[in-house]
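The structure appears right after this line, and notes come after that.
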Amino acid sequence: MQIALSQAEEAAAAGEIPVGAIVTVGSQILATGQNRSIRDVDPSAHAEIIALRAACHAQSNHRLTDATLYVTLEPCAMCVGAAVQARISRLVFGAYDPKAGAAGSAIELTDCRAFNHRFEVMGGVLADECGTVLQDFFRFRR
């Protein structure tokens, strides 16, 4: 999660909402990602999507069945959907997002019976540190 936090800080320095992500298999980091929606002029360029795309390229496979996705903020519905499509085995996130979180805060999509894949979820890992990065960013912008 520390590496994801450093990605979030890099995103903040670039003027993006500070969210960072990494994808691992075992102890190997396959990919990192940070929010790039503004820089890429792409509403889908969330940290999770960037990291999942890079991890799939690294594995030459659109499935990441043994992978863990770490992200500093609870994923939105789009990002949970991408994690389902990638068939990750585990999601670990930092700060909860009561407005848009789709792993139990605003809505629960990680255990949706309509989806053909489910994965383990662990939230609140380094939640204070992850939340502080976001709070500082928005405090500075106001």
Side-chain angles (χ1 to χ4, degrees), residues 1-112 115-142:
M1 189 62 80
Q2 290 293 341
I3 296 167
L5 270 166
S6 69
Q7 289 291 307
E9 290 166 356
E10 286 181 27
E16 299 278 355
I17 293 175
V19 178
I22 66 169
V23 177
T24 66
V25 171
S27 61
Q28 178 188 11
I29 297 173
L30 294 181
T32 62
Q34 57 187 251
N35 272 2
R36 297 190 54 88
S37 295
I38 296 168
R39 288 175 280 179
D40 292 354
V41 193
D42 179 357
S44 71
H46 289 193
E48 301 94 312
I49 303 293
I50 300 299
L52 288 168
R53 284 178 181 158
C56 287
H57 283 282
Q59 297 282 57
S60 297
N61 192 338
H62 68 290
R63 301 288 192 228
L64 300 168
T65 56
D66 295 325
T68 299
L69 170 63
Y70 293 85
V71 61
T72 58
L73 181 65
E74 179 181 2
C76 69
M78 174 182 69
C79 293
V80 168
V84 168
Q85 292 302 314
R87 306 294 195 268
I88 66 167
S89 63
R90 187 171 176 230
L91 165 67
V92 179
F93 67 88
Y96 287 86
D97 184 355
K99 293 182 180 179
S105 289
I107 57 174
E108 173 57 85
L109 293 180
T110 60
D111 194 30
C112 181
F115 293 158
N116 61 352
H117 178 72
R118 287 172 203 73
F119 44 83
E120 178 186 345
V121 178
M122 177 186 295
V125 175
L126 297 180
D128 291 340
E129 293 91 334
C130 293
T132 298
V133 170
L134 285 158
Q135 290 168 350
D136 289 350
F137 175 80
F138 287 113
R139 187 175 309 122
F140 178 76
R141 289 189 57 164
R142 291 184 186 131

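When a residue number appears, it is its place in the shown sequence, counting from 1.
- Looking at heavy atoms from C-beta onward, Arg87 lies in side-chain contact with Asn116 at the 4.5 angstrom threshold.
- In this structure, the side chains of Thr68 and Phe119 stay at 4.5 Å or more apart for every pair of heavy atoms.
- The distance from the SG atom of Cys76 to the CG atom of Leu109 is 9.5 Å, given to the nearest 0.5 Å.
- Shown here for Ala54 and Ala31, the closest heavy-atom pair between the two residues is CB-CB, 3.5 Å.
- When side chains are defined from C-beta on, Thr132 does not count as touching Glu129, because their heavy atoms never get closer than 4.5 Å.
- With hydrogens and angles disregarded, no donor-acceptor distance shorter than 3.5 Å links the side chain of Arg139 to the backbone of Leu134.
- Here the shortest heavy-atom pairing between Ala8 and Gly20 reads CB-N, 3.6 Å.
- Considering only heavy atoms from C-beta on, Leu64 comes within 4.5 Å of Cys56 through its side chain.
- For the pair Leu126 and Gln2, the minimum side-chain heavy-atom distance is below 4.5 Å.
- Summarising the geometry, atom CD belonging to Glu48 is positioned 10.0 Å from atom CD belonging to Glu74; distances are rounded to the nearest 0.5 Å.
- At least one side-chain heavy atom of Val133 sits under 4.5 Å from a side-chain heavy atom of Glu9.
- At most 12 non-hydrogen atoms from other residues, nucleotides or ligands lie less than 6.0 angstrom from CD1 of Ile3.
- With values rounded to the nearest 0.5 angstrom, Gln34 atom CD is found 7.5 Å from Glu16 atom CD.
- Pairing each heavy atom of Ser37 with each of Pro43, the nearest pair is OG-O, 3.9 Å.
- To the nearest 0.5 Å, atoms CD (Glu10) and CG (Asn35) are separated by 12.5 Å.
- Asp66 contributes atom CG, which lies 10.0 Å from atom CG of Leu30 (distance to the nearest 0.5 angstrom).
- Counting heavy atoms from C-beta on, the side chains of Asp111 and Val121 never come closer than 4.5 Å.
- The shortest non-hydrogen separation linking Met1 to Val71 is CE-O, 3.6 Å.
- The nearest pair of heavy atoms linking Phe93 to Ala103 is CE2-CB, 3.8 Å.
- Across every non-hydrogen atom of Ala11 and Ile17, the tightest pair is CB-O, 3.9 Å.
- The structure places NE2 of His117 at 7.0 Å from OG of Ser89, a figure rounded to the nearest 0.5 Å.
- Legend: residues meeting side chain to side chain donor-acceptor pair (under 3.5 Å) with Glu108, ordered by chain and number and at least two apart, are Thr110.
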